[in-house]
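What follows is a short report on a single structure.
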Amino acid sequence: MSVLKIKDVSKIFPNATRAVDSFSLEVADGELVCLLGPSGSGKSTLLRMVGGFETPSAGLMTIDGEDITRVPPERRPTGMVFQSHALWTHMNVFKNLAFGLKLRKVAPAEIKRRVEAVLELVGLGGYGNRHVTQLSGGQQQRVALARSLVLEPKILLLDEPFASLDQHLRERLREEVRDIQQRVGITTLFVTHGQDEALSMADRIVVMRDGKTEQIDRPDVVYREPRTPFVAGFIGTMNLLEGDVRNGMFSRGAYATPLPVSDGPAILAIRPEALDLSSAAGEGHGKVHRVTDFGTHGLVDLALGDGSRVKAMVDHPDMFRAGQAVTLSPRAIAAYRDGTLIHRTAAAGAATTVQQALVDA
Ligand code: ADP
């Protein structure tokens, strides 16, 4: 049973940068929460504060009710895996893992048992005698994870652990790490700027912006019901059309659609997979710019009359060609004003899964 609580934590660096701004989060026992956000949004600073590598300027952090805010890193029940794994290259795998246990004066027989068990867990059983330099990048990262896990931390902290690996390996490792995390049942906080990583691994995602939380929700909720235009534009592919509402009609260039909100500016958000296209007799809403055929479906890139671009996912790409005039019929829309959601239609019958939409993005 390990619960991490972060309460109103801020970090202001000496140069006055407010990297983390009154941030609060509770990570439940066994939960994996991803901190997701653009570069500079404060993810690493927050993680480093939980690990004890930065001191908060304000706020409180507890693990299972115990205040850890000012406890030095080596005395915290946290284990951190960094982007660059920093294994000791002059030691073999076993010694890399045994090192921390020796420092804690664990008996040699117990060290051997724990190191071998954790190597099995990360799929490197029998690799104890290998030198770190003889391992692939993915294997080295698994040793780094094992080195954290062998100390049996209450909270696992992962800072972009796959960033230095190629795409294929990254996808495989994130499945493995998620699998290991669930088997061990360890409470985990994970930093990434990769939305596919967050969507595929996390129980909940915290979308961060300027040191603050923009939205905390399950991955499917963040994807389907983004609460702000920032989240809408950051997760997956989203068409964001800035326009005006007059008498219940939103318009942008030649495109208009009913929107039951008061008059004023609005941003309309439509996912490509929720946008139907049909051939227009006259000018239509816009013209096809490019059609990409992915085999299973297609992506049509459109130019609206005023130059703005829109993407639509279609089942039959061969029905569209460059220059063709088309009419847009969204099946689901959301609308934002002043950074907040003002209207949403039910996302009924979305033609595709979150994962598929990301693959196409
Ligand atoms: P992220 O991990 O989301 O990319 P960071 O936590 O690394 O963001 O950085 C958040 C902000 O804090 C950025 O503006 C960054 O430049 C600033 N920052 C990070 N570390 C320091 C530091 N040691 N001194 C001053 N500013 C820093």
Side-chain angles (χ1 to χ4, degrees), residues 38 195-196 223-226 228-339 341-361:
Q195 46 166 305
D196 45 353
Y223 185 84
R224 293 196 195 287
E225 299 171 20
T228 69
F230 176 83
V231 177
F234 189 71
I235 311 278
T237 307
M238 182 69 94
N239 298 300
L240 291 172
L241 289 176
E242 286 182 42
D244 273 298
V245 182
R246 290 279 169 270
N247 303 321
M249 283 300 277
F250 169 94
S251 60
R252 166 73 194 239
Y255 176 64
T257 189
L259 190 62
V261 299
S262 60
D263 287 2
I267 298 174
L268 200 65
I270 310 166
R271 292 278 184 209
E273 66 267 26
L275 182 57
D276 288 336
L277 296 182
S278 49
S279 199
E283 288 289 298
H285 293 138
K287 282 199 164 62
V288 174
H289 176 70
R290 180 182 293 121
V291 182
T292 311
D293 191 341
F294 288 98
T296 50
H297 63 282
L299 202 63
V300 178
D301 189 3
L302 306 158
L304 300 190
D306 62 355
S308 51
R309 298 292 270 270
V310 168
K311 284 188 162 85
M313 200 183 286
V314 295
D315 288 337
H316 301 289
D318 50 333
M319 286 171 57
F320 300 94
R321 64 196 145 63
Q324 183 180 357
V326 288
T327 305
L328 316 185
S329 314
R331 274 175 281 116
I333 56 172
Y336 302 91
R337 181 178 288 161
D338 299 329
L341 184 71
I342 52 171
H343 178 77
R344 182 200 314 284
T345 59
T352 183
T353 62
V354 172
Q355 282 309 316
Q356 186 58 51
L358 284 165
V359 168
D360 300 328

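Just so you know, these numbers come straight off a predicted model, no measurement behind them.
Between Leu268 atom CG and Tyr336 atom OH the span is 10.0 Å, to the nearest 0.5 Å. Distance check, rounded to the nearest 0.5 Å: CD1 of Ile267 to CZ of Phe250 gives 9.0 Å. Here Asn239 contributes atom CG and Leu302 contributes atom CG; the two are 8.0 Å apart, rounded to the nearest 0.5 Å. Here Leu241 contributes atom CG and Thr257 contributes atom OG1; the two are 10.5 Å apart, rounded to the nearest 0.5 Å. Between the CE atom of Met238 and the CD1 atom of Ile270 there is a distance of 9.0 Å, given to the nearest 0.5 Å. One distance of note links CG of Asp263 with CE of Met249; it measures 12.5 Å at 0.5 Å rounding.
Between the side chain of Asp301 and the main chain of Lys311, no donor-acceptor pair closer than 3.5 Å is present. Side-chain N or O atoms of His285 include one that pairs as donor or acceptor with a backbone N or O of Leu328 at under 3.5 Å. Remark: the backbone N or O of Ser251 is not paired with any side-chain donor or acceptor of Asp244 at under 3.5 angstrom.
A donor-acceptor pair shorter than 3.5 Å cannot be found between the side chains of Thr345 and Arg331.
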Arg337/Ser262 under side-chain contact (heavy atoms from CB on, under 4.5 Å): CA gap, chis, key distance, verdict: CA-CA 10 Å; Arg337 181 178 288 161; Ser262 60; 3.0 Å; yes

CA sep, side-chain torsions, deciding dist, call: Val300, Leu275, side-chain contact (heavy atoms from CB on, under 4.5 Å): CA-CA 10 Å; Val300 178; Leu275 182 57; over 6 Å; no

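Open room surrounds CZ on Arg290; 12 or fewer heavy atoms of other groups in view lie less than 6.0 Å from it.
Considering every non-hydrogen atom in both Met313 and His297, the closest pair reads CG-CD2, 3.5 Å. Taking every heavy atom of both residues into account, Asp306 and Gly253 meet most closely at OD2-N, 4.0 Å. Counting all heavy atoms, side chain and backbone alike, Thr237 lies closest to Arg271 at O-NH1, 3.0 Å. Across all their heavy atoms, Val231 and Pro226 have their closest contact at CG1-CB, 3.7 Å. Pairing each heavy atom of Leu240 with each of Gly233, the nearest pair is CD1-CA, 3.9 Å. The nearest pair of heavy atoms linking Phe234 to Gln195 is O-NE2, 3.4 Å.
Here the side chains of Pro229 and Glu242 are not in contact, with every heavy-atom distance at 4.5 Å or above. At least one side-chain heavy atom of Leu259 sits under 4.5 Å from a side-chain heavy atom of Ile333. At a threshold of 4.5 Å between non-hydrogen side-chain atoms, the residues Arg309 and Leu304 do not count as touching.
Residues that satisfy the side-chain hydrogen bond (donor to acceptor under 3.5 Å, both in side chains) test with Arg246, not counting sequence neighbours, are absent from this structure.
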Per-pair distances, 0.1 Å, donor-acceptor, side chain in residues 318-327, under 3.5 Å, sequence neighbours excluded:
| unit_1 | atom_1 | unit_2 | atom_2 | d |
| --- | --- | --- | --- | --- |
| Gln324 | OE1 | Arg321 | N | 2.9 |
| Gln324 | NE2 | Ser279 | OG | 3.0 |

